[in-house]
Undergrad: 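If you scroll down you'll find the structure; I have some questions about it.
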Amino acid sequence: MSDDTPHRYTAQLAQQIEVAWQDRWEESGAFRAPNPAGPWAEPAQVQALGPKLLVLDMFPYPSGAGLHIGHPLGYIATDVYSRFHRMQGRNVLHTLGYDAFGLPAEQYAVQTGQHPRKTTEDNIAIMARQLRRLGLGFDERRSYATIDEDYYRWTQWIFTQIRESWYDPAFVRADGGLGAARPIAELEAALADGTRAVPELAGHAWSELDRVGRAKVLDAYRLAYTSEAPVNWCPGLGTVLSNEEVTNEGRSERGNFPVFRRNLRQWMMRITAYADRLADDLDRVEWPEKVKIMQRNWIGRSTGASVRFPVTLASGSRAGAEEVIEVFTTRPDTLFGATFMVVAPEHPLVAELIPAGGWPEGTPEEWKGADAAASGTPEAAVTAYRRAASRKSDVERQMEEKDKTGVFTGSFATNPLTGAQIPVFVADYVLMGYGTGAIMAVPSGDERDYAYAVKFGLPVIDVVSPAGPDGAAVQDWPGTVAAGAAFTGDGVAINSANADISLDGLRVADAKERVTAYLQERGIGAGTVTYRLRDWLFSRQRYWGEPFPIVFDTDGIAHSLPDSMLPLTLPDVPDYSPKTYDPEDAGSEPEPPLSRVPEWVNVELDLGDGRGMQAYRRETNTMPNWAGSCWYYLRYLDPANSDAIVDPVNERYWVGPQPNPVAGAPAGTRDPGGVDLYVGGVEHAVLHLLYARFWHKVLFDLGHVSSEEPFRTYFAQGYIQAPAYTDSRGQYVEAKEVVEEADGSFTRHGQPVSREFGKIGKSLKNMVSPDDMYAAYGADTLRVYEMGMGPLEQSKPWETRAVVGSLRFLQRLWRNVIDESTGQVRVVDEVPDQALTTMLHRTILGVREDYEAMRFNTAIAKLIELNNAVTKLSAPPRAVMQALVLMTAPIAPHIAEELWARLGHSGGLSTGPFPVGDPALVVEESVTCVIQIKGKVRDRVEVSPDISEDSLRELVLAREKVRAATADGIRTVIVRAPRLVNVVPA
RNA sequence: GCGCGCGUGGCGGAAUUGGCAGACGCGCUGGAUUUAGGUUCCAGUGCCUUCGGGUGUGCGGGUUCGAGUCCCGCCGCGCGCACCA
């Protein structure tokens, strides 16, 4: 700072101002949003405010490394949006909590012996300090962490609610739709009085079953249940993982350890019951189309038909019996072209399909398997093939080259439409986890089946032909064999008739409909919907997570703890880590840390179920990290409520359905309710958002919330990438030690390095801390810079040296109000001239639109332009500067508050006013009319903004350049008064 | 392979319905202030130019009086899914 400008807005001054205002905001509770009901009820304050607005960010995991400048990008954006609306009098709720259970804290605890709660809480304190220093207007009363007992009590309560429910697909909801979660007690009552029978009863009456038998039946319907099922066991981590936590390479997302398929008893969530609603209701929310597509793909709903292929069992106790192999197909119209079948290696019928003894006569050599030693009998060949497949996980199978492998089972099934005997193969390109684990293979209509048929010499029958212009099958189409590829497009059915039905000549869609009806009629099949979505593996062999509110009695029956026993708190354990094994030790068993605390595990309780005190064993798994983040947005609404997750009045007020559907929703849809604006990274587009939606819908069905979706509007923010540098060996080097040379190249300690842009973090050694930015520029400058970088949804590179531009803007803003030498306010009360008035109102109108649409970068550009215009004046008009300060406030709130106060206003500006633009005051004395000749700009002329079309045409045609260009006559003249005239010469 | 998105100065990016391409910022150039420095100020800055002008939004075509914007075909980059029957 030079001596003659002691009152310049420098980083030092910015810091003083910022810290002072942060203190004032905290003291006055400036950002506390009143609730209509519940423990914090302030209905009068709610009444006095405008419409509510709930703005939330995906909450952070408090890492030990602290924040980097990428983290706050979304928080600043939501803060700007919140402040903008708060200034217009709305009741804005914006706050932030912490997702604090999870592996990093546990692993750190394992290394240091410190309790994960200690390190987590320390990290939260650091992060809270950093966030406060950014000037984020959070309602700090509503912040909490998922590890708080007051919070996870309710996470456990929700788990219990889910477990004590089942999905009744026939239940008629209030909206007329079918299917809802209902209390399991309803099912139990219906089973007991015989009004409902289920296949699990196997024909027995409820009263004939013992406790264990009944529990088993109910467990088959609960929305949270235990299951002995193939799971992803990761010995290196000592825990099981959900499918989502396993990479395409068949390794753990975290740690990159091998993952094996193992049958283990685990907790599951029946999310598949909601597959349809989760897919359908995407129409009702305002989310990026890309994210909706990702969720739809994940759910993977496909409609088709199930078809039953008769087969005679070849061996086992049922040898000679008629069975059916049921398949799922999306192309029932191609059934006449099914020339063979394939079942997954794990398919339950495989063993019974293999004939004793040798191969059927005439079995081609290549059908007998690649393992020459095992190809002597079907039994040996299939067993060898199945063993090889079992050693590979699903993901590993997919990894290998797409070359088809498989073995003939030795059995033939009957094509139900042609009556043809078609061979049944075992091949690992069919997955047990999808559909029925068996397919009908139509080589002419499916690329995979085609490849298999070519490799194994199987017949190909064309059943769909491309359609000609007349809509009929192309006459001289040479067929798929000639083409060397299956025909999978739309077309016309051919070769598809028997004595009872003909599809020939029908388009694919019509043929599907016709054949499905026929199959149904004959009992051969039925229209079916299948999903890619699997039930959600919900247990982990971890310490640092929510304990399950579950105990097992001496019969092994699981019981939910009554609400009065919640929270079930995490006990201290001698060792925080699960037992880990050699990463390759597939046969190892999980041993969760909680199992090492026998006095916690083995308890005597009275569950209040009439059985009195009984001995129980607690569940020793813990919930996955997703649990806490599945519903945290609800708790913000009423965090002090000890009677309910949220008071129903508060829930309706903040997230209840609105009268109008969201923008862009199909006609007839209703608003589902939910958070008004949810901002976060697209990496959570599938899992977090899907799980939260699932839980929310269960809570809706059970009547705990009025909203049907958690997040009405979701905005996927981009990332900030920072430069990272590699040396000659390709190793990342500390970015802070790199300097740019005069020629634009980069060096570190004199050695050349090469630059790339990537995710900020330890691994790329390119950490940029907000702490450094506050110190060098102040929080307001950082906010302006981050919001000015470009569109929020886009990823863009960080450039520290460009931050100064934002400081310069704030400096000029400051200078337009405050004299840098004297510190005196220098605005004058003169009325601004017409040109400046026009610019002011145009700016207000534009900035409001930009804020509303979250185009903060263009809002900032407009503010800079207006400010630069004032900078050119010797005396800044008060009216303009006041409006400018108010408009800048959402983005740079500290400097705005300071200038607003120095301009003589008391009481702060967080509740407004926000300037209102008047379109009537946007008047130009003259506008530049562009004169084009054949579409190219050739001339310009200043004209009155309300010039008539005719006089403008006349004026333009008289211009010298136009006359010169139109010497040969004029073909046409397009006039768009007052801004453009286009003259087209003959 | 399938699906989606995006290609604009040296860089980040503007351009609301087809109507002055490059707003705003960085960088760069020149100047001012300063003992000096720059986190100061002012001016200039797409490219080419014989200073008349020409040319320009990945490439090629089309529609239009007029295309960054709409249509078709390529090329490149990014993201998602990936034997899902």
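As a basis for the values below, the full set of heavy atoms in this structure was taken, side chains included, without hydrogen atoms, waters or symmetry mates. So you know, we letter chains A, B, ... as the sequences are listed, proteins then strands, and number each from 1.
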Undergrad: Please report, rounded to the nearest Å, how far the P atom of B/G38 is from the CG atom of A/L807.
TA: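 In whole Å, B/G38 P and A/L807 CG are 16 Å from each other.
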Undergrad: Side chain to side chain contact (heavy atoms under 4.5 Å, CB included) with A/P423: which residues, sequence neighbours excluded?
TA: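 With neighbours one apart ignored, the set is A/F340, A/W367, A/F408, A/F412, A/F425, A/L458.
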Undergrad: Base, sugar-phosphate, or nothing for A/S302, non-hydrogen atoms under 4.0 angstrom?
TA: sugar-phosphate
Undergrad: What's the closest nucleotide to the A/P791 side chain, out of B/A14, B/C42, B/C79?
TA: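 Closest of the options to the side chain of A/P791: B/A14.
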Undergrad: When you measure only distances, ignoring hydrogens and angles, does the side chain of A/R979 come within 3.5 Å of the base of B/G19 through a donor and an acceptor?
TA: no
Undergrad: On a whole-Å scale, what distance lies between the P atoms belonging to B/C47 and B/G9?
TA: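 B/C47 and B/G9 have their P atoms separated by 12 Å.
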Undergrad: Give the rounded distance in Å between these two atoms: CD of A/Q295 and P of B/C79.
TA: 20 Å
Undergrad: From the options B/G13, B/A85, B/C41, select the nucleotide whose nearest atom is closest to the side chain of A/R815.
TA: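 Within the option list, the nearest is B/C41.
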Undergrad: Taking only the C1' atom of each, what is the distance from B/G12 to B/A67 in whole angstrom?
TA: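 So the two C1' atoms sit 25 Å from each other.
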Undergrad: Check whether the ring centres of A/Y785 and A/W798 lie less than 6.0 Å apart, and answer yes or no.
TA: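 Yes, close enough.
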Undergrad: Picking from B/G12, B/C4, B/A85, which would you name as closest to the side chain of A/L431?
TA: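 Side chain of A/L431 sits closest to B/A85.
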Undergrad: Look at the rings of A/Y434 and A/F328 and say which category their plane angle falls in: under 30° parallel, 30 to 60° tilted, over 60° perpendicular.
TA: perpendicular
Undergrad: Looking at A/E447, I want to see if its CD is surrounded by more than 12 non-hydrogen atoms of other residues, nucleotides or ligands under 6.0 Å.
TA: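 No.
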Undergrad: Can you tell me the distance, in whole Å, between the CG atom of A/N982 and the C1' atom of B/A67?
TA: 13 Å
Undergrad: Starting the side chain at C-beta, find the nucleotide from B/U40, B/G12, B/C4 nearest to A/I293.
TA: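 Closest nucleotide to the A/I293 side chain: B/C4.
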Undergrad: Calculate the interatomic distance between A/I933 atom CD1 and B/C65 atom P; express it in whole Å.
TA: 17 Å
Undergrad: Quick check on RNA chain B: between A/N297 and A/R534, whose nearest nucleotide comes earlier from the 5' end?
TA: A/N297
Undergrad: Could you encode protein contacts along nucleotides 21-33 of chain B as a string, one character per nucleotide from 5' to 3', using B for base contact, S for sugar-phosphate-only contact and - for no contact, with a heavy-atom cut-off of under 4.0 Å?
TA: S-BSSSS------
Undergrad: Round to a whole Å and report the spacing from NZ of A/K936 to C1' of B/G18.
TA: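 Taking atom C1' of B/G18 as the reference, NZ of A/K936 is at 16 Å.
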Undergrad: Rounding to a whole Å, what distance do you find between A/I974:CD1 and B/G19:P?
TA: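 It is 14 Å, rounded to the nearest whole Å.
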Undergrad: Just how far, in rounded Å, is P of B/G78 from CE of A/M294?
TA: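 Answer to the nearest Å: 17 Å.
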Undergrad: Whole angstroms only, please: what is the CG-C1' distance between A/D446 and B/A85?
TA: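 Distance check: A/D446 CG to B/A85 C1' gives 6 Å.
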Undergrad: Which part of the nucleic acid, if any, lies within reach of A/Q794 when heavy atoms closer than 4.0 Å are counted: base, sugar-phosphate only, or nothing?
TA: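 The residue A/Q794 makes sugar-phosphate contact but no base contact.
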